[in-house]
Amino acid sequence: MPLETGKLVRLALVFFVSHAASLALIRYGGPLAPAWPPAGVAVAALLVLPRSHRPLVFIGYVLLDTLSNLIQGYATQVGLMFLVASMGELYLIDRLLQRFTEQPIRFARLREVAVFLLITSVAAAIACVPAGFVAQWADGSTVLKGGVIWWVGDMLAYAIVTPLTVLCFDPPRSPTRPWSPIRVLEASVLAGVTVAAAVFVLRGTPIVGPLNAQPYMLSLPLLLVTLRFGQVGTLWTLLSVGVTGVLLMLDRQPSALAVATGGDSLTILQAFLGIQALVALVLSTALREQHETAVEHAQMVEALTASEHRLRQSQKMEAIGQLAGGIAHDFNNVLAAIMMQLEELRLVRDLPRIGRELLIDVETAVQRAARLTRQLLVFSRQQAMQPRVLDLNALVRSHVRLLRRVVPSSYSLVVSSAPAPLVVEVDGGMIEQVLMNLVLNARDAQQGGGAIVITTVQRTLPPSSPSGLPAGGYAVISVRDTGSGIAEDNLPRLFEPFFTTKPTGQGTGLGLATVYGIVQQHGGTVRVETALGVGTTMEVWIPVSEAIVPEGASTASEEVATDSGEHQAPGTLLVVEDEPTVRRLIQRVLERDGYKVYVAPSGRDALALWPSVERSVDLVITDLVMPGGISGTQLASELHRINPQLPVVFTSGYDPEFDPSDVTMIPGENFVPKPATSEELLSVVRRQLSRRRPEA
């Protein structure tokens, strides 16, 4: 509101000064002032100020007009009649603009300029009729002459003063060129040359006949101003030429426009300026429209290019993710078989000492391979998410202690949290993994030490943001280092799995790929700002939540129990597994623990076997992804239709969410991710059977 009040005061001042100056020209036009820029200022006020200020514009027009007339002695009955005609014209323009134009008018398109000039010319033509009769009643001049003086003066104001005022109070958002000191000097010189030319061509007696073509030589510098400085420069120059012509007329210099004196000379000068103004306004508006259209097209092309790049990147990452997920699934089956076979080897009593040492080395390698496959599943968005509402600030602070263990003392680890809680709905363990990977990446980028700064802030994205994220609030974790930076050629591949800039043997290339996968699962994005030799900032954007953080909510990832502590209960199990080696090993582990086991290589075989074993089977263990057209969840659904109380344990190298269904799968409860140890499998089986026994 203070800004709008300031505009209102400045417009009032401009109106009063122009009104006072115009009254000085009444002696050249009888009771009428041929030059009437206050009308243009009043219309500009209607366009610049909010609709709520319209009453103030009309009231201010009356008060300032009356004050100016009182000061200069024109507060007469004639002046009151002209005020009524002016107010009617202003009201008519306001109503027609609201009816036939899109507000606000900013003179940025040829169409709105043409409509504006048409509306103002019609309103001025209607108002000039009563004004002509008032002029005739006041000094005996003809109605036609009085009406023409009124119409020409007002139209000159609407063609020059109104657009100039609007553009000064609300300048274009994308100027053609920035105003450098050299450009300001060029504009000043060109304006001076144009005014000097105006003095030269407007003075003197016509050479041929009653009219002279000499003044139209001004078209050349006006054209140059239009091409170089657009609408504002053109309109200011026209205003300067008009003032120059009026001053010459007041000095009673002979006019080169026509053999005329007094009001006729001023009216002809106004007609000349009006023609120049129309041409210049149309041309400068066309140039502005062309420029802004080119800018819009360039922005559109840039946005489309960025969107196409994001789409290609998304498609590429999705294809890589599907490939990685498929590899991880098959690889997990192999690892599951190796892990169980290693456990079987541990049971061999006569195994030599060197054999047991080699066994430990193999188990370590298998565990490392299992971690790699888990990272692949995270990247391919096939890793289980357990979202909870928590404060991101608290999660980061609680994880700092662990981060300090992996960052040597030669590095400074600085954490800056947002002052207010950042409530998000995330998997705490996954976000901790994101933070760990980013910190390790920052550490490795600074050989020998440096600064690692972790910051949490809340930011808001406006609609149609180029980031591709929905508008709204986001919690942002940024990890900044002062390392070597990332080469521009490597940025497009930064989040691809197995891509690394580290020396051979020092990185798997899955750290940032895992970050990308986790953040994508949470509906966010990762932004990278980097400069060679300066450092890199990684920003993780996660949508904020409107939920309330539960009291006592833990921020760390929950550990899954591996043993229920229940005693073994005898039972009969059905194992459905398509991988022969894994199926055979699961059967061996279960039978060694005292269970009776039936096996089936697919869902169809399990359904075919079910009628013969239905009465004896206490629990079913099934893989999620199997050949034959029946998945693990489909098999479970069919078996539950027959026996709703039958417990089913799912296993898979994929995430349980990979097979969309209504079945809730919880690792350690009814889901065993591959690869798993024999004890992890037996723990889940015991837990499920112990829960079923009391119900039997």
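In this structure a side-chain-to-backbone donor-acceptor pair under 3.5 Å is missing from Trp541 to Val526. With hydrogens and angles disregarded, no donor-acceptor distance shorter than 3.5 Å links the side chain of Asp65 to the backbone of Tyr61. Listed for the Arg288 side chain is a donor-acceptor partner under 3.5 Å among the backbone atoms of Phe107. Counting only distance, with no hydrogens or angles, the side chain of Ser18 and the backbone of Phe15 share a donor-acceptor pair below 3.5 Å. With hydrogens and angles disregarded, no donor-acceptor distance shorter than 3.5 Å links the side chain of Glu89 to the backbone of Ile126. At least one donor-acceptor pair closer than 3.5 Å links the side chain of Arg106 to the backbone N or O of Leu47. With hydrogens and angles ignored, the 3.5 Å screen pairs no side-chain donor or acceptor of Gln72 with any backbone N or O of Ala21.
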**OP:** Test side chain to side chain contact (heavy atoms under 4.5 Å, CB included) on Trp150 and Met155 and set out the steps.
**Re:** CA-CA 9 Å; Trp150 179 284; Met155 284 309 300; over 6 Å; no
**OP:** Go through the steps for Gln458 and Tyr474 under the test side chain to side chain contact (heavy atoms under 4.5 Å, CB included), then give the verdict.
**Re:** CA-CA 6 Å; Gln458 181 168 348; Tyr474 288 83; over 6 Å; no
**OP:** Given side-chain hydrogen bond (donor to acceptor under 3.5 Å, both in side chains), test Thr234 with Thr226 step by step and report yes or no.
**Re:** CA-CA 5 Å; Thr234 302; Thr226 301; 3.0 Å; yes
Original post:
Between Val241 and Val195, does a side chain to side chain contact (heavy atoms under 4.5 Å, CB included) hold up when you go through it step by step?
Top reply: CA-CA 6 Å; Val241 171; Val195 172; 5.5 Å; no
**OP:** Apply the test side chain to side chain contact (heavy atoms under 4.5 Å, CB included) to residues Leu281 and Val113: give CA-CA distance (whole Å), side-chain angles for both, the deciding distance (0.1 Å), then the verdict.
**Re:** CA-CA 8 Å; Leu281 182 61; Val113 169; 3.9 Å; yes
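The two atoms that bring Arg10 and Phe169 nearest to each other are NE-CE2, 3.5 Å, heavy atoms only. Annotation for Leu23 and Tyr74: closest pair O-OH, 3.7 Å, computed over non-hydrogen atoms. Minimum heavy-atom separation, Gly153 to Gln270: CA-NE2, 3.6 Å. Leu238 and Ala280 get closest at one heavy-atom pair: CD1-CB, 4.1 Å. The heavy-atom pair separating Ala39 from Tyr158 by the smallest distance is O-CE2, 3.6 Å. Minimum heavy-atom separation, Leu11 to Val41: O-CG1, 3.7 Å.
A salt bridge links Arg109 with Glu296: the distance from a Lys NZ or Arg NE/NH1/NH2 to an Asp or Glu carboxylate oxygen falls below 4.0 Å. Between Arg459 and Glu539 there is a salt bridge, with a side-chain nitrogen of the basic residue lying less than 4.0 Å from a carboxylate oxygen of the acidic one.
Within the 4.5 Å cutoff, no side-chain heavy atoms of Val534 are placed close to those of Thr482. Contact of the Leu83 side chain with the Thr66 side chain is registered, since non-hydrogen atoms from C-beta on lie closer than 4.5 Å. The closest side-chain heavy-atom distance from Glu102 to Glu112 is not below 4.5 Å. Using a 4.5 Å cut-off on side-chain heavy atoms (C-beta onward), Val282 and Leu110 make contact. Here the side chains of Leu494 and Ile486 are in contact, with some heavy-atom distance below 4.5 Å. No side-chain heavy atom of Tyr91 sits under 4.5 Å from any side-chain heavy atom of Met87. Considering only heavy atoms from C-beta on, Thr237 stays 4.5 Å or farther from Phe229 through its side chain. At a threshold of 4.5 Å between non-hydrogen side-chain atoms, the residues Thr537 and Val528 do not count as touching.
Between Gln231 and Thr285, the side chains place a donor N or O and an acceptor N or O closer than 3.5 Å (distance only, hydrogens not considered).
Interatomic distance, Thr530 OG1 to Asp481 CG, rounded to the nearest 0.5 Å: 7.5 Å. The NE2 atom of His53 sits 14.5 Å away from atom CZ of Phe58, with the distance rounded to the nearest 0.5 Å. From Ser284, atom OG reaches atom NE2 of His291 across 13.5 Å, with rounding to the nearest 0.5 Å. Here the CD1 atom belonging to Ile477 is positioned 5.0 Å from the CD1 atom belonging to Ile542, to the nearest 0.5 angstrom. Interatomic distance, OG1 of Thr194 versus CH2 of Trp236, reported as 14.5 Å (0.5 Å rounding). Once rounded to the nearest 0.5 Å, the distance linking CD of Gln299 with NE2 of His297 reads 11.0 Å.
Around atom CD of Gln103, more than 12 heavy atoms belonging to other residues, nucleotides or ligands sit under 6.0 Å away. Gln98 CD: more than 12 foreign heavy atoms inside a 6.0 Å radius.
None of Arg51, Arg54, Arg99 except one satisfies the salt bridge (Lys or Arg N to Asp or Glu O under 4.0 Å) rule with Asp94; the exception is Arg54.
Between His19 and Trp36, the ring planes lie perpendicular to each other; the angle is over 60°, past the 30° to 60° tilted range.
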